[in-house]
Amino acid sequence: MNIILLGPPGAGKGTQARHLVETRDMVQLSTGDMLREAKDSGTEMGNIVADVMARGALVTDEIVIGLIKEKLETVKAAGFIFDGFPRTLAQADALGELLDSEGESLDAVIEMRVDDAALVARIVARSTCAMCGEVYNDETKPIPADGKCSNCGGTEFKRRADDNEESLKTRLMEYYKQTSPLIGYYYAKGLLSRVDGLGTIDAVQGEISTVMDA
């Protein structure tokens, strides 16, 4: 099963994707992670990525689609989670064509809906483990009292420099401008489902599972 997770920064896409990887043997395809991995891989596509990044040029849609194609053809998994891609209608079309050519299909697009004010409050309180990326929140999931990450035992935690109210509002506006057309696009294809992204982690997991098992 192949899905897209849509949601603004801080909606919890990464947390939910990790849960699906652990419980359903899926593979998360995050654009940023794929680019970093490819840059050091030594493959033909990796060399292209390394050259583009060394020149400070923009990574084209064709390159990202090429990286996804490489994953689809070489990684064995029960399904793929697309995180951070597509962001535009052109990318959505390209992804659909790629999946068709590989004998794959897109089974669900899950939008994690949030209240912007509540989201900003949640993100401002957010920190992550520097070693494994486990997410903590001052209010809802504080760092353990012993100062060690509950996932990996790491003791260093960090906050993103742009996790402040002004930056977040700018990032939210960019997200909505980019993804509004995608919402309509996938709704028209009958693929779109919505879940409450501000629920507890377990509650959101349950809603996503309901969509996927329908």
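Every heavy atom of this structure was used, including side-chain atoms; hydrogens, water molecules and symmetry mates were not.
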Inset, instruction - Can you see which heavy atom on Ser41 is nearest to which on Ala38, and at what distance? - result: OG-O, 2.8 Å
Legend entry - Path from Leu182 to Val114 over hydrophobic side-chain contacts below 4.5 Å: yes
Legend entry - Shortest non-hydrogen separation from Pro9 to Leu119 and the atoms involved: O-CD2, 3.4 Å
Legend entry - Heavy-atom donor-acceptor pair, Asn2 side chain to Asp107 backbone, under 3.5 Å: no
Legend entry - Asp138/Arg159 salt bridge by N-O under 4.0 Å criterion: yes
Legend entry - Atom CD of Glu73: over 12 foreign heavy atoms under 6.0 Å: yes
Inset, instruction - Determine, for Glu207 against Arg113, whether the closest basic-nitrogen to carboxylate-oxygen distance falls under 4.0 angstrom. - result: no
Inset, instruction - Measure the shortest side-chain to side-chain distance between Val59 and Met34 over non-hydrogen atoms and say whether it is less than 4.5 angstrom. - result: no
Inset, instruction - Flag yes if Ile208 and Met26 sit in one hydrophobic cluster, no otherwise; membership is Ile, Leu, Val, Met, Phe, Trp, Tyr, and two members link when side-chain heavy atoms are under 4.5 Å apart. - result: yes
Legend entry - pair Met45-Lys69: side-chain heavy atoms closer than 4.5 Å: no
Inset, instruction - Check the hydrophobic clustering (I, L, V, M, F, W, Y; side-chain heavy atoms under 4.5 Å; chains of links allowed) and say if Leu72 and Leu20 are grouped together. - result: no
Legend entry - Between OH on residue Tyr136 and CZ on residue Arg126, distance to nearest 0.5 Å: 14.0 Å
Legend entry - Identified side-chain contact (heavy atoms from CB on, under 4.5 Å) partner of Thr60 from the options Leu58, Ile63, Val64: Ile63
Legend entry - Derivation and outcome, side chain to side chain contact (heavy atoms under 4.5 Å, CB included), residues Thr128 and Lys158: CA-CA 5 Å; Thr128 59; Lys158 59 184 181 180; 3.6 Å; yes
Inset, instruction - Go through the steps for Arg87 and Glu174 under the test salt bridge (charged side-chain N to carboxylate O under 4.0 Å, His left out), then give the verdict. - result: CA-CA 11 Å; Arg87 292 180 185 270; Glu174 281 303 307; over 6 Å; no
Inset, instruction - Go through Ile65 and Glu97 one step at a time and tell me if the side chain to side chain contact (heavy atoms under 4.5 Å, CB included) criterion holds. - result: CA-CA 10 Å; Ile65 284 291; Glu97 291 169 5; over 6 Å; no
Inset, instruction - Looking only at non-hydrogen atoms, find the nearest pair between Gly42 and Asn47 and report the distance. - result: O-ND2, 3.8 Å
Inset, instruction - Kindly give the heavy-atom pair with the smallest separation between Glu134 and Cys149, and that separation in Å. - result: CB-SG, 3.8 Å
Legend entry - CE on Met212 to CD1 on Ile110, rounded to 0.5 Å: 6.0 Å
Inset, instruction - Would you check if the side chain of Thr43 reaches a backbone N or O of Gly46 as a donor-acceptor pair within less than 3.5 Å? - result: yes
Inset, instruction - Answer yes or no: is there an ion pair linking Glu165 with Lys169, defined by an N-O contact shorter than 4.0 Å? - result: yes
Inset, instruction - Spell out, yes or no, whether Met173 and Tyr175 are grouped together once hydrophobic residues are joined by side-chain heavy atoms under 4.5 Å, including indirect joins. - result: no
Inset, instruction - Would you give the length of the straight line joining atom OG of Ser30 to atom NZ of Lys13, rounded to the nearest 0.5 angstrom? - result: 9.5 Å
Inset, instruction - Before accepting this row, confirm whether a basic side-chain N of the pair Arg36/Asp40 lies closer than 4.0 Å to the acidic partner's carboxylate O. - result: no
Inset, instruction - Could you grab the distance from atom CG of Leu168 to atom CZ of Arg122, nearest 0.5 Å is fine? - result: 11.5 Å
Legend entry - Side-chain touch Leu99/Phe82, heavy atoms, less than 4.5 angstrom: yes
Inset, instruction - Look at Arg171 together with Asp163 and state whether they make a salt bridge at an N to O cut-off of under 4.0 Å. - result: yes
Inset, instruction - For residues Val109 and Lys189, determine if any side-chain heavy atom of one lies less than 4.5 Å from a side-chain heavy atom of the other. - result: no
Inset, instruction - Mind listing the closest non-hydrogen atom pair of Ile143 and Ser127 along with its distance? - result: CD1-OG, 3.8 Å
Inset, instruction - Would you mind reporting whether Lys39 and Leu35 have side-chain heavy atoms less than 4.5 Å apart? - result: no
Inset, instruction - Working to the nearest 0.5 Å, report the span between CG of Leu29 and CZ of Phe85. - result: 10.5 Å
Inset, instruction - Consider only side-chain heavy atoms of I, L, V, M, F, W and Y, link residues closer than 4.5 Å, and tell whether Ile4 and Leu192 are in one cluster. - result: yes
Inset, instruction - Check whether any side-chain heavy atom of Gln91 sits under 4.5 Å from a side-chain heavy atom of Gln178, and report yes or no. - result: no
Legend entry - Minimum side-chain heavy-atom gap Val204-Gln16 below 4.5 Å: yes
Inset, instruction - Please report the closest heavy-atom contact between Gly84 and Thr31, naming both atoms and the distance. - result: O-OG1, 3.5 Å
Legend entry - Tyr187 atom OH, over 12 foreign heavy atoms within 6.0 Å: no
Legend entry - Pairwise side-chain contact, Cys129 with Asn151, heavy-atom cut-off 4.5 Å (strictly under): no
Inset, instruction - Could you grab the distance from atom CG of Leu106 to atom CG of Leu98, nearest 0.5 Å is fine? - result: 11.5 Å
